[in-house]
Amino acid sequence: MKVLLCPPTFFRIEYEINPWMNVANDADSETVLYEYALLKQTLKSAGIEIMEIQPDKNYPDMVYTANYGFVHDDVFIEANFKHSQRRGEEIIATSYFKSLGFQTKQFAKYIFFEGEGDLLRAGNQLYMGFGKRTMFEAKIELESILATSIIPLQLTDPYFYHLDTCFAPISESIAIINPSAFTDYALKILEQNFSTLLYTNEQDNAVLGCNIIVHNRNIVVSSGISESLKSGLKQLGYTVLETPMSQYIKGGGSVKCCCLIVEQ
Ligand code: ARG
């Protein structure tokens, strides 16, 4: 697996576009650099290859690379950010991917789509979160570019505004979810499609316990998740690698948000 990260050189809480963000509770620049170094180290120890994009001082949220777009083989599909504060990150990402020889695609800007934050793979199936950031209409655009069908899941909780904040597919049949973040219908679909679902509790939700990276049998997650989630994952044969994400959580993101998956 190969993931794209962005160093938190300019990471600050400069505006509030989700309920986790509070400009009065800014990120500590030294601590976030330390957390970034540990995140890289932990991902590497899980066998993951790291790529880095250069940060831009105008985009403090650039650290959440998952939102730049979606990568499929050698195609990069550009995001359409809902909030003006983040518009422009996708342009930087597009020129980065072009320089690496990727094909790039985009669709109409008024159809909001926040990249891998709202589009996740479980085996061969793609799931798209909508209703908070990404719009339902993105489904058809993405299905035509990717030539595959996508299952839409409606999100309901302002704290869990991207799919990767409340749903973590671990394999085709195993996932972690925060059930309170979905409509009843979306929850039914998840219960039907996954034979094993692990449910997060308040403690897991407070550190965005669904916001993980899975590679081989390793799971990289924020430190602070509950013993019950940890033991559930261990029983299924996974190794849980915890890394501190306190500063990133102030911005409303954790491990997965900081990783754009470039190669599975
Ligand atoms: N502050 C960022 C925003 O609100 C956090 C993005 C988190 N990313 C994610 N993939 N969940 O857009």
Side-chain angles (χ1 to χ4, degrees), residues 1-5 8 20 31-51 63-66 116-117 119-123 125 127 129 157 159-160 162-182 190-191 193-264:
M1 177 182 272
K2 236 189 229 179
V3 299
L4 177 65
L5 305 190
W20 302 83
T31 312
V32 78
L33 285 171
Y34 169 73
E35 291 185 344
Y36 184 66
L38 283 182
L39 175 65
K40 286 208 295 192
Q41 202 178 304
T42 312
L43 291 166
K44 279 185 196 155
S45 73
I48 297 165
E49 208 179 305
I50 288 166
M51 299 159 68
V63 296
Y64 305 112
T65 55
E116 264 182 33
L119 191 59
L120 296 174
R121 226 183 271 281
Q125 182 61 58
Y127 290 86
D157 185 329
Y159 277 90
F160 302 94
H162 280 139
L163 187 61
D164 68 0
T165 62
C166 49
F167 170 59
I170 291 177
S171 72
E172 214 158 0
S173 57
I174 305 173
I176 310 174
I177 62 165
N178 166 9
S180 66
F182 295 94
L190 290 172
E191 284 165 356
N193 290 9
F194 291 87
S195 54
T196 304
L197 282 179
L198 300 175
Y199 294 91
T200 56
N201 64 22
E202 298 273 296
Q203 187 185 335
D204 303 316
N205 292 339
V207 294
L208 291 163
C210 287
N211 206 248
I212 61 171
I213 284 283
V214 186
H215 181 55
N216 296 334
R217 293 240 141 202
N218 297 313
I219 295 188
V220 183
V221 61
S222 166
S223 28
I225 59 164
S226 65
E227 285 305 320
S228 61
L229 183 54
K230 260 189 261 181
S231 71
L233 292 168
K234 279 181 198 158
Q235 270 168 32
L236 292 166
Y238 290 88
T239 303
V240 178
L241 303 172
E242 291 178 84
T243 191
M245 295 297 289
S246 66
Q247 302 310 298
Y248 291 99
I249 291 169
K250 290 179 179 176
S254 183
V255 175
K256 174 65 194 74
C257 303
C258 294
C259 296
L260 179 77
I261 299 173
V262 176
E263 223 176 88
Q264 288 298 315

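Keep in mind the model is a prediction, meaning the values are calculated, not measured. The basis for the numbers below is simple: all heavy atoms, side chains too, and nothing from hydrogens, waters or symmetry mates.
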Could you tell me which non-hydrogen atom of Y127 sits nearest to which non-hydrogen atom of A122, and how far apart they are? CE1-CB, 3.9 Å
Inter- and intrachain pairs under side-chain hydrogen bond (donor to acceptor under 3.5 Å, both in side chains), touching residues 32-41, at least two apart: E35-S246, Y36-E52, K40-E52
Does V63 have any side-chain contact (heavy atoms from CB on, under 4.5 Å) partners at least two apart in sequence or in another chain, and if so, which? P8, F11, Y248
OG1 of T239 to CZ of R217, rounded to nearest 0.5 Å, is 9.0 Å
So, for P169 and L120, which heavy atoms are closest and what is the spacing to 0.1 Å? CD-CD1, 3.9 Å
Just by modelled atom types, is the L208 backbone N or O under 3.5 Å from a matching donor or acceptor in the S254 side chain? no
Per the salt bridge (Lys or Arg N to Asp or Glu O under 4.0 Å) rule, what does the pair list look like for residues 255-264, sequence neighbours excluded? K2-E263, E116-K256
Looking at I176 and L233, what are the two nearest heavy atoms and their distance? CD1-CD2, 4.1 Å
Testing the basics here: between V255 and M245, what is the closest heavy-atom pair and its distance to 0.1 Å? N-CE, 3.6 Å
Specify the closest pair of heavy atoms between T65 and C258, including all atoms of both residues, with the distance to one decimal. OG1-O, 3.0 Å
Gap separating the CD1 atom of I50 from the CG atom of L43, nearest 0.5 angstrom: 5.0 Å
Going by ring-ring contact (aromatic ring centres under 6.0 Å, His included), name the residues that satisfy it together with Y238, two or more places apart in sequence or in a different chain. none
Any idea how W20 and Y159 line up, ring-wise: parallel (<30°), tilted (30 to 60°), or perpendicular (>60°)? perpendicular
Which atom pairs, donor and acceptor, lie under 3.5 Å between side-chain atoms of residues 220-227 and protein residues at least two apart or in another chain?
{"unit_1": "S223", "atom_1": "OG", "unit_2": "T243", "atom_2": "O", "d": "3.3"}
{"unit_1": "S226", "atom_1": "OG", "unit_2": "D204", "atom_2": "OD1", "d": "2.9"}
{"unit_1": "S226", "atom_1": "OG", "unit_2": "D204", "atom_2": "OD2", "d": "3.2"}
{"unit_1": "S226", "atom_1": "OG", "unit_2": "S228", "atom_2": "OG", "d": "3.2"}
{"unit_1": "S226", "atom_1": "OG", "unit_2": "L229", "atom_2": "N", "d": "3.1"}
{"unit_1": "E227", "atom_1": "OE2", "unit_2": "K230", "atom_2": "NZ", "d": "3.2"}

Can you find a pair of side-chain heavy atoms, one from I212 and one from I170, that are under 4.5 Å apart? yes
Mind checking ring-ring contact (aromatic ring centres under 6.0 Å, His included) for F182 and listing every partner two or more places apart, or none if nothing turns up? none
Could you tell me which residues satisfy side chain to side chain donor-acceptor pair (under 3.5 Å) with N205, sequence neighbours excluded, listed by chain and number? T200
For Q264, which residues count as a side-chain contact (heavy atoms from CB on, under 4.5 Å) partner, sequence neighbours excluded? R121, I261
Check side-chain contact (heavy atoms from CB on, under 4.5 Å) between C257 and all other residues, then give those that pass, not counting sequence neighbours. Y64, D164, N211
Here the gap from C259 atom SG to L4 atom CG, rounded to the nearest 0.5 Å, amounts to 9.0 Å
Spacing of I219 atom CD1 and T42 atom OG1 [to the nearest 0.5 Å]: 14.0 Å
In chain order, what residues pass the side chain to side chain donor-acceptor pair (under 3.5 Å) check against S180, with sequence neighbours excluded? N178
Below 4.5 Å, heavy atoms only, C-beta onward: do Y199 and I177 meet side chain to side chain? yes
Is a side-chain donor or acceptor of N201 paired with a backbone partner of Q203 at a separation under 3.5 angstrom? yes
